[in-house]
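Quantities reported herein were computed from a predicted structural model and do not represent experimental measurements.
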Amino acid sequence: MNKLTRAVTRDGAVRILIINSTGIAEKARQIHSLTPTACAALGRALSGCALMSCLLKDKENTLTLQINGDGPAGKIVCVGDYMGNVKGYIINPNVDLPLKQNGKLDVGGAVGSGTMYVIKDMGFGEPYIGMSRLVSGEIAEDITQYFASSEQTPSVCALGVLVGRDRSVAAAGGFIIQLLPGADDSTADIVEKNISSLKPVTQLISEGKTNTEIAELALAGMEFDIFDEIEVDYICDCSKERYAAALGSLGNDELLEMRAENKPQTAECYFCGAKYVFEPDELDAIIKALKNDGEIKAKMENNDNAD
């Protein structure tokens, strides 16, 4: 049910990435107990993040899409890997607004105005951080604006989440089309014409259209090749070890305050809801390890100064 497809025209002028993320959006809905409006907002962001993540250069890279709007939905955060797997959360999973006049869920009203951040962790040094202003809060238009302003790449993004009467996700997905270096005005005109006549992406998915068939519609009049199709999913890689490391990063003073309570401390994952309990003796071990690391670091600094 969750598939991401990448294709490029044979003249190398246009690239398209398409995702059917129905299962991803439904899993997010279940994990976070989302209202329809929150589901549409987070589902679109997850689809967009998956598509953007597949543009990363290395298998160890990750991409974080952070949408900081002033609307009632609050901040939305999604993280994707090189293979298009994603996880995410929305600060207010209970946001629920009246439908817009066209009968659509009011994602723009829920998100509001603000800033979109795209953080690429290349695995070394400081991560790359790009940003752009939200133009509508509808997420797809905001991603289009991000590519134009921060990466100077002419792009068009379409995203959608169709929520059924039972509040489950009936269809979700989207695509990103980009003009590559060397694309001329006639190519841009063809893409623009095709997109203007294209049905909403959730309608295409609901009709049973495959990713390849959607590509054929979006790239009509151009020859293209599919260069890969990959299964993607909502995957959280949290673990107790990761949360132990996070506790260590709080610093000795805060850890000692927690330990003074002499009771178990619980950490809950924002992305999947998993809970990790740290007993007092486990906190002692983290404090001891932090102390040992500090002593080793101090010793190394003293040796460097002696040299």
Side-chain angles (χ1 to χ4, degrees), residues 3-22 25 40 43-55 65 84 100-108 116 118 132-162 170-230:
K3 183 172 289 188
L4 194 150
T5 304
R6 298 189 288 187
V8 64
T9 56
R10 290 180 180 173
D11 60 3
V14 182
R15 169 170 58 200
I16 185 170
L17 300 94
I18 307 168
I19 188 171
N20 182 329
S21 55
T22 304
R44 291 183 193 181
L46 285 166
S47 297
C49 183
L51 293 168
M52 297 171 79
S53 297
C54 279
L55 296 172
L65 177 65
K100 295 190 293 185
Q101 289 186 348
N102 61 3
K104 302 295 185 181
L105 293 167
D106 191 4
V107 173
M116 172 179 286
V118 176
S132 63
R133 301 298 298 175
L134 297 175
V135 294
S136 69
E138 295 287 342
I139 301 179
E141 295 172 5
D142 303 308
I143 290 175
T144 296
Q145 172 63 22
Y146 164 77
F147 277 116
S149 63
S150 292
E151 299 196 5
Q152 291 74 53
T153 304
S155 309
V156 60
C157 178
L159 302 168
V161 176
L162 178 62
F175 60 78
I176 292 176
I177 300 175
Q178 296 185 320
L179 298 182
L180 301 177
D184 56 26
D185 291 342
S186 63
T187 299
D189 290 341
I190 293 173
V191 172
E192 184 176 353
K193 179 181 178 182
N194 290 343
I195 296 304
S196 66
S197 62
L198 206 60
K199 295 177 182 178
V201 66
T202 51
Q203 183 176 342
L204 294 171
I205 292 172
S206 297
E207 291 174 355
K209 291 286 192 296
T210 66
N211 288 359
T212 299
E213 288 171 333
I214 294 174
E216 289 171 348
L217 295 171
L219 301 179
M222 294 179 280
E223 294 184 330
F224 67 92
D225 293 308
I226 302 290
F227 63 88
D228 65 0
E229 282 193 321
I230 53 178

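- With rounding to the nearest 0.5 angstrom, the CD1 atom of I176 is 10.5 Å from the OG1 atom of T153.
- Scored by the side-chain hydrogen bond (donor to acceptor under 3.5 Å, both in side chains) test, T22 finds N20 as partners (sequence neighbours excluded).
- Between M222 and V191, the closest side-chain pair of non-hydrogen atoms falls below 4.5 Å.
- Taking CD of Q178 as the start and CG of L17 as the end, the distance is 7.0 Å to the nearest 0.5 Å.
- Qualifying side-chain hydrogen bond (donor to acceptor under 3.5 Å, both in side chains) partners for S150, counting only residues two or more places apart in sequence or in other chains: none.
- Residues passing the side chain to side chain contact (heavy atoms under 4.5 Å, CB included) test with A13, sequence neighbours excluded: T9, D11, A183, T187.
- Counting heavy atoms from C-beta on, the side chains of V118 and Y146 come closer than 4.5 Å.
- Residue I190 comes nearest to A220 through the heavy atom pair CG2-O, 3.5 Å, listed as atom of the first residue, atom of the second, then distance.
- Rounding to the nearest 0.5 angstrom, the gap separating the CG atom in L46 from the OG atom in S53 is 10.0 Å.
- Smallest separation of non-hydrogen atoms from V107 and A40: CG2-CB, 3.6 Å.
- Of all heavy-atom pairs spanning A45 and L65, the tightest one is O-CD2, 3.7 Å.
- The two atoms that bring A218 and I16 nearest to each other are CB-CD1, 3.8 Å, heavy atoms only.
- Put simply, CG on L134 and CG on D142 are 4.5 Å apart, with the number rounded to the nearest 0.5 Å.
- Applying the salt bridge (charged side-chain N to carboxylate O under 4.0 Å, His left out) test to every pair with at least one member in residues 150-160, sequence neighbours left out, gives these pairs: K120-E151.
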Quiz item: What do the steps show when you test F147 against L55 for side-chain contact (heavy atoms from CB on, under 4.5 Å), and what is the final call?
Solution: CA-CA 12 Å; F147 277 116; L55 296 172; 3.9 Å; yes
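- Taking all atoms of both residues into account, the shortest heavy-atom contact from C157 to T144 is N-OG1, 2.9 Å.
- L180 meets the side chain to side chain contact (heavy atoms under 4.5 Å, CB included) test with V8, R15; sequence neighbours excluded.
- For K100, the salt bridge (charged side-chain N to carboxylate O under 4.0 Å, His left out) test picks out E138, with sequence neighbours left out.
- Residues L198 and I195 meet the side-chain proximity criterion, which asks for heavy atoms closer than 4.5 Å.
- The side chain to side chain contact (heavy atoms under 4.5 Å, CB included) check on T5 picks up K3, N211, I226, E229, with sequence neighbours excluded.
- Legend: residues meeting side chain to side chain contact (heavy atoms under 4.5 Å, CB included) with S47, ordered by chain and number and at least two apart, are I19, S21, L159.
- Under the 4.5 Å side-chain criterion, counting only non-hydrogen atoms from C-beta, N194 is not in contact with I177.
- Remark: Q145 CD to S155 OG distance equals 11.0 Å, nearest 0.5 Å.
- Residues in residues 201-228 take part in these salt bridge (charged side-chain N to carboxylate O under 4.0 Å, His left out) pairs, two or more places apart or across chains: R6-D228, R10-E223, R10-D225, K199-E207, E207-K209.
- Nearest approach of L179 to A188, heavy atoms of both residues: CD1-CB, 3.7 Å.
- For S136, the side-chain hydrogen bond (donor to acceptor under 3.5 Å, both in side chains) criterion is met by E141, not counting sequence neighbours.
- From L51, atom CG reaches atom CD1 of I143 across 7.5 Å, with rounding to the nearest 0.5 Å.
- The stretch residues 176-189 participates, sequence neighbours left out, in no salt bridge (charged side-chain N to carboxylate O under 4.0 Å, His left out) pair at all.
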